[in-house]
Amino acid sequence: MTKIVSVHSFRGGTGKSNTSANIAALIAASGRKVAVMDTDIQSPGIHALFGFDTDLPGRTLNNYLWGDCSIVEAAHDVTDVVRATNVGVADGGQLWLVPSSIKASDIARVLRQGYDVEVLNDGVRELASGLDLDVLVIDTHPGLNEETLLSITISDALVLLMRPDKQDYQGTAVTVDVARRLE
């Protein structure tokens, strides 16, 4: 059964995407099948860590959420990016990235129209079974909203990152309390 790890912060700029990418890459390097999903749809960024520029090839999480493709079609095999490092990848290891679109028009559409969070929940299950994943790492949108609550609820593990300032301490305390209540 796929283990789901959500990487979350109350505010942006804490290193969620870097942490998500590194966790996913290290687990894949150990020989496991891993995917990392960028659910920070309003301000995506993890794609750059895997060598993608503003012209993402193929499908994105946005395409899946709008019913244009399956979630597996939005997954990009980035195993070679890990292989190119000094870490390498053990036999059987594989890493996929499900990026969010970085096109201004797609981001504006999400902000304007939103999307059905249940479709995202279904996508997580479909991705896990479709790619036979050992681990799925979810790079969440900062703050507490419906999407992040879903990610926290379906996760087996939650990594919380924060900056050492009063606002982040308070926001992170609220997030921890919510996560505990969601078990």
Side-chain angles (χ1 to χ4, degrees), residues 2 4-9 11-29 32-89 93-115 117 119-124 126-128 130-131 133-143 145 147-148 150-151 154-155 158-159 161:
T2 303
I4 300 173
V5 178
S6 285
V7 180
H8 185 69
S9 66
R11 291 187 355 193
T14 57
K16 282 189 311 12
S17 294
N18 282 309
T19 301
S20 298
N22 284 317
I23 289 171
L26 288 170
I27 295 170
R32 297 217 165 82
K33 293 180 181 178
V34 183
V36 60
M37 181 184 289
D38 188 355
T39 63
D40 191 354
I41 296 172
Q42 296 170 0
S43 55
I46 199 167
H47 61 277
L49 300 172
F50 292 100
F52 293 106
D53 60 15
T54 55
D55 290 328
L56 285 170
R59 306 297 184 133
T60 65
L61 180 61
N62 303 62
N63 295 115
Y64 167 73
L65 293 172
W66 296 324
D68 299 336
C69 68
S70 74
I71 191 70
V72 173
E73 291 174 307
H76 301 261
D77 189 336
V78 293
T79 310
D80 287 341
V81 175
V82 182
R83 280 196 185 101
T85 68
N86 291 334
V87 175
V89 178
Q94 211 163 359
L95 178 59
W96 291 272
L97 169 65
V98 179
S100 286
S101 175
I102 54 177
K103 293 179 183 172
S105 60
D106 290 345
I107 294 169
R109 180 177 174 189
V110 166
L111 293 173
R112 190 174 56 253
Q113 296 177 354
Y115 62 90
V117 177
V119 173
L120 179 61
N121 188 33
D122 294 342
V124 166
E126 291 169 22
L127 186 68
L131 296 176
L133 295 176
D134 296 306
V135 179
L136 173 59
V137 178
I138 300 175
D139 183 23
T140 68
H141 182 69
N145 56 40
E147 295 88 353
T148 56
L150 170 68
S151 296
I154 64 174
S155 295
L158 174 62
V159 177
L161 302 174

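Keep in mind the model is a prediction, meaning the values are calculated, not measured.
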*Partner residues of Arg83 under the side chain to side chain contact (heavy atoms under 4.5 Å, CB included) criterion, sequence neighbours left out*: Thr79, Asp80, Val89
_Could you check whether any side-chain N or O of Ser100 sits under 3.5 Å from a backbone N or O of Asp38, counting only pairs where one atom can act as donor and the other as acceptor?_
yes
*List the atom of Gly130, the atom of Val72, and the distance in Å for their closest heavy-atom pair.*
CA-CG2, 4.0 Å
_Considering only residues two or more places apart or on different chains, which pairs with a residue in residues 51-76 satisfy ring-ring contact (aromatic ring centres under 6.0 Å, His included)?_
Phe52-His76
*asked:* For Leu49 versus Ser17, what's the shortest heavy-atom pair and its separation?
replied: CD1-O, 3.5 Å
_Check against side-chain contact (heavy atoms from CB on, under 4.5 Å), Val81 and Leu95_ = CA-CA 9 Å; Val81 175; Leu95 178 59; over 6 Å; no
*Short question: side chain of Asn62, backbone of Ile107 - any donor-acceptor pair under 3.5 Å?*
no
*Go through the side-chain N and O atoms of Asn63 and Thr60 and say whether any donor and acceptor fall under 3.5 Å apart.*
yes
*So Glu73 and Asp68, side-chain contact (heavy atoms from CB on, under 4.5 Å) or not? Walk me through it.*
CA-CA 10 Å; Glu73 291 174 307; Asp68 299 336; over 6 Å; no
*asked:* Strictly distance-based, threshold 3.5 Å: is any side-chain N or O of Thr19 a donor or acceptor partner for the main-chain N or O of Lys16?
replied: no
_Any side-chain to backbone donor/acceptor pair from Asp134 onto Lys33? Under 3.5 Å, distance only._
yes
*Taking Thr2 for its side chain and Val135 for its backbone only, find out whether a donor-acceptor pair lies under 3.5 Å.*
no
*Is there a donor-acceptor pair under 3.5 Å between the side chain of His8 and the backbone N or O of Gly143?*
yes
*Looking only at non-hydrogen atoms, find the nearest pair between Ser9 and Arg11 and report the distance.*
OG-O, 2.5 Å
*Is there a side-chain contact between Ile71 and Leu61, using heavy atoms and a 4.5 Å cut-off?*
yes
*Could you please spell out the steps behind the side-chain contact (heavy atoms from CB on, under 4.5 Å) verdict for Leu127 and Leu136?*
CA-CA 9 Å; Leu127 186 68; Leu136 173 59; 3.8 Å; yes
*Please report the shortest heavy-atom distance between Thr148 and His141, naming the atom on each side.*
CG2-O, 2.8 Å
_For Val7, is there any backbone N or O sitting under 3.5 Å from a side-chain donor or acceptor partner on Thr140?_
yes
*Could you verify whether a donor N or O on one side chain and an acceptor N or O on the other, from Asp106 and Ser101, lie under 3.5 Å apart?*
yes
*Please test Val36 against Val78 for side-chain contact (heavy atoms from CB on, under 4.5 Å), starting from the C-alpha separation and ending with a verdict.*
CA-CA 10 Å; Val36 60; Val78 293; 5.8 Å; no
